[in-house]
Amino acid sequence: MADIEKTEAVNEQTSSNFIHNIIDKDLENQTYGNRVYTRFPPEPNGYLHIGHAKSICLNFTTAQKYNGKCNLRFDDTNPVKEDTEYVESIEADVKWLGFQWEKLLFASSYFDKMYECAVMLIKKNSAYVCDLSAEEIKRHRGTLTEPGKESPYRNRSVEENLELFENMRKGLYKDGEKVLRAKIDMASPNINMRDPIIYRIAHIEHHNTGDKWSIYPMYDYAHPIEDAIEGITHSICTLEFEDHRPLYDWVLRELEWDEPPQQIEFARLNLTNTVMSKRYLKALVDDGSVEGWDDPRMPTIAGLRRRGYTPEAIRDFCERIGVSKANSLVDIALLEHCIREDLKSRAETRMVVMNPLKVVITNYPENSTEEVDIENSKEDEAKGTRKVQFSRELYVERDDFMEIPEKKYFRLFPGNEVRFKGAYFITCQDVVKDEAGNVIELRCTYDPETRSGSGFDGRKVKGTIHWVDAKTAVKIKIRSYGYLMIEDENGETVLNPDSMKVFEAYAEPSLKDADAGERYQFFRHGYYIADEHLTNETEKVFNQIVGLKSSWKK
RNA sequence: UGGGGUAUCGCCAAGCGGUAAGGCAAUGGACUCUGACUCCAUCAUUCGAAGGUUCGAAUCCUUCUACCCUAGCCA
């Protein structure tokens, strides 16, 4: 109970940002009545990544906060880059994150309306058909410091423009032959206002509208119309569109829209050790550097999901990073904190020895075995206990032994006594080495009086370590994922060649039939999750969650 | 070099004229059947810099500096 109250209080505190301040003012001024309507408008040209998650959370939770609505809209105005595979994955990812859209829409279904609007602009003498080539248009645009030059086609008559534009629609011209341009100001210091192109010709099949259209609207023209049609009040996008806002407003003003939506920009997410560029991620997929868009090393929602991230953890992360207009680079440690935070209370714990060292309990009877009870969760008693075999020969983590202990090392070393989790106090008596001098086995003794649960309190030990029973242990494969990207010696971010390692580990038998979706936290080594893509493998493969918080002080 | 933005602790980030929230990270300590978790403590006399206004400024004014975006028939 107290926990719940605490959680709510935290959410209360962190759930305000500058966008909310803007909305509060709009509500106060009744700019849009009491309406708050947002939208998440991805272009279906790739998979969603953690950066999109920030935008998704922002849009959906903002709507929730004000009892408003939020649409999922595919901004599919450029058929050359888009694909239905992407719309499916995007839908799945948004749902998985736990959000429900008011409507699922496609910008392409507004093409008729957008065409009508373009005709209206032409009739108002605010748009014209231009025959300049791409190269010529570029030259006429001017530079950052020099004004542009007007197109020779700028002063065509309304009638001629109407006819030409109609012909463009009919597919009478080749790609690039003509464009429709907004007639604004070639001398504007804002290059976006120098008669921007609003329609281009493209004889290409669209994933949604097929071959109905041979002209497609440009983002700057289409987006405000999409927002306006849907009754969006606050159109939230990223910082690089700030310079486009005058054009966004121009389109809606020219089209004489009542209660036009307003564009608000925020800084996109950057994460340390993470590449967020869709283009780059696509290249990794295409050249086979990763298994696919859902490779667990990818920062995609699908990759994070496969890696073991929960939607709760991702949403918590998005809440914690906040929203502002300052370019920032968020430490990935925060994301890792969020998954640990979420998993620590819901994941069950299991003992797994990743790098085994054999231990023989010399005073434990041969051919004898016993069962000990170990709790499944440290945090949640309701998760119960399980029986684990304990016998004469066991494996412990090599790290848990040090022949010559450093200060403050209180695990196994010759002569030291430690607790074996859930079992007995064990004292290391002897070290067995091979010819090369490598430690290959520890000879230990146990104290029968110290069994867990016996109530023994004769003495205490400083260390507790995990173990697996040699006879009953199962071998599992651990796939350990490091950061996909690392910095090289020059400070350049490059692909990490060691981003994925596969190795065998010994696990207690309860992991043998672990099913997809079951979450496990392995003792001391961090948090792991069953790989949902490998449900029927004989050997279960586990993905290592990022954010291993090794407590070892070396 | 034009235009548009942003500058508050190592990383995010509140603050909106009344005397610097919070989280992550870090550090010390307590606790512990793992050193995890939890807990407790420490962590910006100072808000990019310099001036100015004011009883009072991170918040207002001036000047300067740094960084980001911007010259696709991409979004």
Side-chain angles (χ1 to χ4, degrees), chain A residues 10 13-14 16-18 21 41-43 45 75-78 80-82 130 132-134 137-138 141-148 175-181 188-194 196-202 215-216 218-220 222-223 237-246 265 267 269 272 278-279 317 319-338 340-341 344-345 349 374-375 378-379 397 400 408-411 418-423 425 450 452-453 460-466 521 523-527 549-553:
Chain A
V10 168
Q13 245 180 23
T14 54
S16 202
N17 57 52
F18 81 97
N21 295 157
E43 183 187 18
N45 66 346
D75 206 355
D76 53 355
T77 56
N78 182 10
V80 313
K81 288 159 71 185
E82 295 152 9
C130 181
L132 256 25
S133 70
I137 287 180
K138 183 176 179 171
R141 190 153 33 222
T143 67
L144 293 177
T145 51
E146 298 158 313
D175 289 9
E177 205 175 319
K178 286 181 166 47
V179 290
L180 183 69
R181 295 229 249 166
S188 171
N190 181 344
I191 292 181
N192 293 302
M193 300 299 268
R194 316 235 263 232
I197 293 163
I198 61 180
Y199 263 98
R200 79 282 219 179
I201 297 168
I215 55 172
Y216 292 94
M218 299 290 289
Y219 169 88
D220 284 327
H223 209 85
C237 66
T238 44
L239 247 29
E240 66 269 26
F241 292 105
E242 259 175 327
D243 292 343
H244 298 235
R245 193 171 60 225
E265 310 85 8
L269 172 68
T272 56
K278 233 187 231 180
R279 193 197 107 266
F317 172 72
E319 186 66 33
R320 285 170 188 256
I321 55 177
V323 180
S324 76
K325 296 187 70 160
N327 289 328
S328 60
L329 180 63
V330 176
D331 194 331
I332 199 161
L334 181 58
L335 216 210
E336 294 165 353
H337 168 82
C338 292
R340 270 186 254 118
E341 188 64 22
K344 75 182 184 202
S345 57
T349 51
I374 298 184
E375 74 274 9
K378 192 109 199 207
E379 301 235 338
E397 211 68 66
D400 285 346
K408 287 197 132 187
Y409 184 85
F410 41 82
R411 284 167 280 149
V418 300
R419 158 141 252 137
F420 273 36
K421 172 75 184 172
F425 280 11
T450 58
S452 284
K460 295 210 177 240
V461 288
K462 285 286 271 181
T464 299
I465 65 174
H466 59 279
Q521 172 189 352
F523 277 105
R524 193 191 276 135
H525 286 275
Y527 299 83
K549 186 163 186 174
S550 172
S551 43
W552 300 128
K553 287 175 183 166

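Convention: sequence-line order gives letters A, B, ...; per-chain numbering from 1. All values derive from a computational prediction rather than experimental measurement. Side chains are part of it too, since the values below use all heavy atoms of this structure and drop only hydrogens, waters and symmetry mates.
- Residue-level contact check: Asp220(A) touches neither bases nor backbone, having no heavy atom under 4.0 Å from any strand.
- Annotation: of the two residues near RNA chain B, Asp75(A) and Lys344(A), the 5′-most nearest-nucleotide partner is Lys344(A).
- Here the P atom of nucleotide rG22(B) and the CD atom of Glu319(A) are 17 Å apart, to the nearest Å.
- Taking atom CD on Gln521(A) and atom P on rC37(B), their separation rounds to 10 Å, with Å as the unit.
- If you check every strand for non-hydrogen atoms under 4.0 Å, Gly148(A) touches nothing.
- Pair assignment for rG56(B) gives none, since no Watson-Crick or G-U wobble pairing has each distance under 3.5 Å.
- Formation of a donor-acceptor pair under 3.5 Å by the Thr238(A) side chain with backbone atoms of Glu240(A) is not found in this model.
- When the P atom of rC73(B) is taken as reference, atom CD1 of Ile201(A) falls 14 Å away, rounded to whole Å.
- With hydrogens and angles ignored, no donor-acceptor pair under 3.5 angstrom links the side chain of Asn190(A) to the base of rG4(B).
- Using a 4.0 Å heavy-atom criterion, one finds that Lys408(A) contacts the bases of the nucleic acid, with or without backbone contacts as well.
- At the phosphate of rA75(B), neither OP1 nor OP2 sits under 4.0 Å from any side-chain N or O atom of Lys278(A).
- Phe523(A) is linked by a ring pair (Phe, Tyr, Trp, His ring centres under 6.0 Å) to nothing, counting only residues two or more places apart in sequence or in another chain.
- Following rounding to the nearest Å, Met218(A) (CE) and rG72(B) (P) show an atom-to-atom distance of 11 Å.
- Using modelled atom types, no side-chain atom of Arg419(A) and backbone atom of Lys460(A) make a donor-acceptor pair closer than 3.5 Å.
- Under the Watson-Crick or G-U wobble criterion, with both distances below 3.5 Å, rU19(B) has no partner in any strand shown.
- Using a 4.0 Å heavy-atom distance criterion, Lys81(A) is classed as a base contact.
- Here Arg141(A) reaches the OP1 or OP2 of rG72(B): one of its side-chain N or O atoms lies under 4.0 Å away.
- Contacts of Ser133(A) classified as side chain to side chain donor-acceptor pair (under 3.5 Å), with partners at least two apart in sequence or in another chain: Glu136(A).
- Put simply, the side chain of Ser452(A) gets close to the backbone of Ala423(A): a donor and an acceptor are under 3.5 Å apart.
- With a cut-off of 3.5 Å on both pairing distances, the Watson-Crick or G-U wobble partner of rC64(B) is rG48(B).
- Within 4.0 Å of Glu379(A), counting heavy atoms only, lie sugar-phosphate atoms of the nucleic acid but no base atom.
- Across all strands, Val323(A) comes closer than 4.0 Å only to sugar-phosphate atoms, never to a base (heavy-atom distances).
- Atoms CD and CD, on Glu341(A) and Glu336(A) in that order, are 14.0 Å from each other to the nearest 0.5 Å.
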Listed pairs, N/O of protein and of nucleotides 9-12 of chain B, under 3.5 Å:
from: rC11(B); atom 1: O3'; to: Leu329(A); atom 2: O; distance (Å): 3.0
from: rC11(B); atom 1: O2'; to: Leu329(A); atom 2: O; distance (Å): 2.8
from: rC11(B); atom 1: O2'; to: Asp331(A); atom 2: N; distance (Å): 3.3
from: rC12(B); atom 1: OP1; to: Leu329(A); atom 2: N; distance (Å): 2.9
from: rC12(B); atom 1: O5'; to: Leu329(A); atom 2: O; distance (Å): 3.4
from: rC12(B); atom 1: O2'; to: Ile321(A); atom 2: O; distance (Å): 2.7

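- Residue Ile215(A) is classed as having no contact, given no heavy-atom separation below 4.0 Å to the nucleic acid.
- Glycosidic torsion of rG4(B) falls outside 90° of 0, placing the base in anti.
- Under the 3.5 Å distance criterion, the side-chain polar atoms of Thr450(A) are matched with a main-chain donor or acceptor of Phe425(A).
- At the heavy-atom level, Gly176(A) lies under 4.0 Å from base atoms of the strands shown.
- When heavy atoms are screened at a 4.0 angstrom cut-off, Phe241(A) is found touching base atoms of the nucleic acid.
- One atom, NE2 of His244(A), and another, C1' of rA71(B), lie 11 Å apart when rounded to the nearest Å.
- The separation between Glu240(A) atom CD and rG72(B) atom C1' is 14 Å, rounded to whole Å.
- Across the strands present, rC24(B) finds its partner in rG10(B); the criterion is a Watson-Crick or G-U wobble pair with both atom distances under 3.5 angstrom.
- Here rC31(B) sits opposite no nucleotide as a Watson-Crick or G-U wobble pair (both hydrogen-bonding atom distances under 3.5 Å).
- Dashed line: the shortest gap from a side-chain N or O of Arg200(A) to OP1 or OP2 of rC74(B) is under 4.0 Å.
- Rounding to the nearest 0.5 Å gives a distance of 9.5 Å between CZ of Arg141(A) and CG of Asn192(A).
- Asp243(A) comes within 4.0 angstrom of a nucleotide base, judged by non-hydrogen atoms across all strands.
- At the phosphate of rA75(B), OP1 or OP2 sits under 4.0 Å from a side-chain N or O atom of Thr77(A).
- A residue-by-residue look at His337(A) and His223(A) shows that His337(A) has its nearest nucleotide of RNA chain B further toward the 5' end.
- Using a 4.0 Å heavy-atom criterion, one finds that Phe410(A) contacts the bases of the nucleic acid, with or without backbone contacts as well.
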